[in-house]
Amino acid sequence: MVSFDNPDFVLSIIKEAKIGLWKIETEDNKPQRLYANDTVYKLLGVDGSKLSPEDYYKACFDKIEKNDKANLRKAFRRMMNGNFTEAQFAFTVSPKKTLYFKVAGFKNSSGKKVTRYEGVVRDITNIVKLQQKSERQEMQLTKYNNSEITFFGIAQALFHDFESVYYVNIHTGQYSEYIGHGTFKEFKFATKGENFYEESIKNIPSAIYIADQKRVIDFISKENIIPAMLARKTISIRYRIVIKGEPLFYRLTAAPSVEQDSDHYIIGVQNIEENVKQEKEYAERIRAATEMANSDALTGVKNRLAYERAEERMNEEIAGGTISPFAIGVFDVNNLKKTNDKYGHEAGDVLICESAKLICAAFSHSPVFRIGGDEFAVIMIGADFFDREKIISKFRKIASKNKKEGRAVVSSGFADFVFSSDLKVIDVFDRADAKMYENKKKLKKK
């Protein structure tokens, strides 16, 4: 069997990568703006904390190779159409140093003026260089005899750091294990056999998490694998193996061998537990970052950006005829300017927070948004919508009572969505806003 000079070549292909978070804003007739976390600064070697978002975008984009700039523009056009998109680019750090990155993202919002894209970026320099190295070696490797070609096919499968690799005859099912290490070896499965399909299915109950067993049986059947291998397609399945009582995530991949060896294919087993954990961590980071971007720092309710996103989504549902019944509530904190002038802005912040609590307590099943300094909005849905008359009546009684007691007073206006005439959310909002000013006048007279 042939081996590479460096025994760690295959196992070092996939390395853990640090993930950076980014956001790009575009606006007509204005330069693009790039925001990122410290990880991006370190990955790219460009410290954005010392630059404006516009200058940081230019500093980074100028270092991207010309062809990759065109590919990235295409990727952002796909994002503009609502697709989650990935792209790869080369980044020139210096005349003698080039790094490679993979970026993935989506259009998070598109307002009247500003379009926002958000996503992640990771360093794939090591993987790209190893791919290039593998391509340079291909001509030399193809000169070897059949046994060496067999090893080359296995090396290709090991590109993804498989713990165990089987070499299977596509016609007879005869198989041999060529690579085996890691926790998967604890099961001590046969390293050679005459029928890979039957023997694998026999081993499934002793190793695979019960909820995943049927999916793996279906995947590993002749009816599934052979057509894919004949079509020279790589297929895979993610499932759980129970090791010492704990279910761990693995991936099983079936890949055709090299064209010179069309009678065989490769089965690889890869432990992806750490990958799954990282995916969950990345998803949580993005969720937390998105939640932070959508929250009002002072009151903790959703902010204007979140309202605009909700409005955009609901407008699409109105246009498509799929919108559910809803109503809009618009609120204004009374006497905020007087409080700020007389007692200071800290007292004004307390008044805003007390007002937010009043609104949240009343409309507990609907999203509450702070859309301005002393302005709030509620999109009444579900139980709040169907009980709106009772809730609104109670809320206004509290406003009247609070005025007499010298506590926070919130003016309010409400309007229902009218299916037959309203074309957008703003139509409902404007009616609610007008009614809020009517209520504000009544409260001042009392």
Inset, instruction - Begin with the C-alpha distance, continue with both residues' side-chain angles, and end with the deciding distance and a verdict on side chain to side chain contact (heavy atoms under 4.5 Å, CB included) for Asn224 and Ile235. - result: CA-CA 9 Å; Asn224 183 55; Ile235 57 175; 3.7 Å; yes

Inset, instruction - Please lay out, stage by stage, how Asp416 and Val428 fare under the test side chain to side chain contact (heavy atoms under 4.5 Å, CB included). - result: CA-CA 7 Å; Asp416 293 351; Val428 189; 6.0 Å; no

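Closest non-hydrogen pair, Val425 versus Tyr307, comes out as CG1-OH, 3.8 Å. Among all heavy-atom pairs drawn from Tyr35 and Pro53, the shortest one is CE2-CG, 3.4 Å. Listed here is the closest heavy atom pair of Arg240 and Ala211: NH2-CB, 4.2 Å. Between Ser262 and Ile170, the shortest heavy-atom distance links the atoms O-CG2, 4.2 Å. Taking each heavy atom of Ala36 and Tyr56 in turn, the nearest pair found is CB-CE2, 4.1 Å.
Taking the six-membered ring for Trp and the full ring otherwise, the centers of Phe414 and Phe331 sit less than 6.0 Å from each other. The distance between the ring centers of Phe385 and Phe417 does not fall below 6.0 angstrom.
The structure places CE of Met80 at 5.5 Å from OG1 of Thr26, a figure rounded to the nearest 0.5 Å. Here the CZ atom belonging to Phe376 is positioned 9.5 Å from the CG atom belonging to Asp332, to the nearest 0.5 angstrom. The CZ atom of Phe89 lies 9.5 Å from the CG atom of Leu99; values are rounded to the nearest 0.5 Å. To the nearest 0.5 angstrom, Ile323 atom CD1 is 11.0 Å from Asp422 atom CG. One distance of note links CD1 of Ile359 with OG of Ser366; it measures 12.5 Å at 0.5 Å rounding.
More than 12 heavy atoms of other residues, nucleotides or ligands lie within 6.0 Å of CD in Glu317, so this atom counts as buried by the packing criterion. Counting non-hydrogen atoms of other residues, nucleotides and ligands closer than 6.0 Å to NZ of Lys69 gives a total above 12.
Proximity of Thr39 to Leu21: side-chain heavy atoms (C-beta onward) are nowhere separated by under 4.5 Å. Between His365 and Asp387 there is no side-chain heavy-atom pair separated by less than 4.5 Å. With contacts defined as side-chain heavy-atom distances shorter than 4.5 Å, the pair Ile379/Met314 qualifies.
Defined by atom type and a distance below 3.5 Å, a donor-acceptor pair is present between the side-chain atoms of Thr125 and Asp123. A side-chain donor-acceptor contact under 3.5 Å links Ser52 and Asp55.
Between Arg215 and Asp212, at least one side-chain nitrogen of the basic residue sits less than 4.0 Å from a carboxylate oxygen of the acidic one, meeting the salt-bridge criterion. With respect to the salt-bridge test (charged N to carboxylate O, under 4.0 angstrom), the residues Arg309 and Glu118 qualify. Electrostatic pairing of Lys30 and Glu54 does not count as a salt bridge here, judged by no charged N lying under 4.0 Å from a carboxylate O.
Between Phe196 and Tyr166, the ring-plane angle classifies as tilted under the 30° and 60° cut-offs.
Of the possible polar contacts, none joining the Asn83 side chain to the Thr85 backbone as a donor-acceptor pair under 3.5 Å is found.
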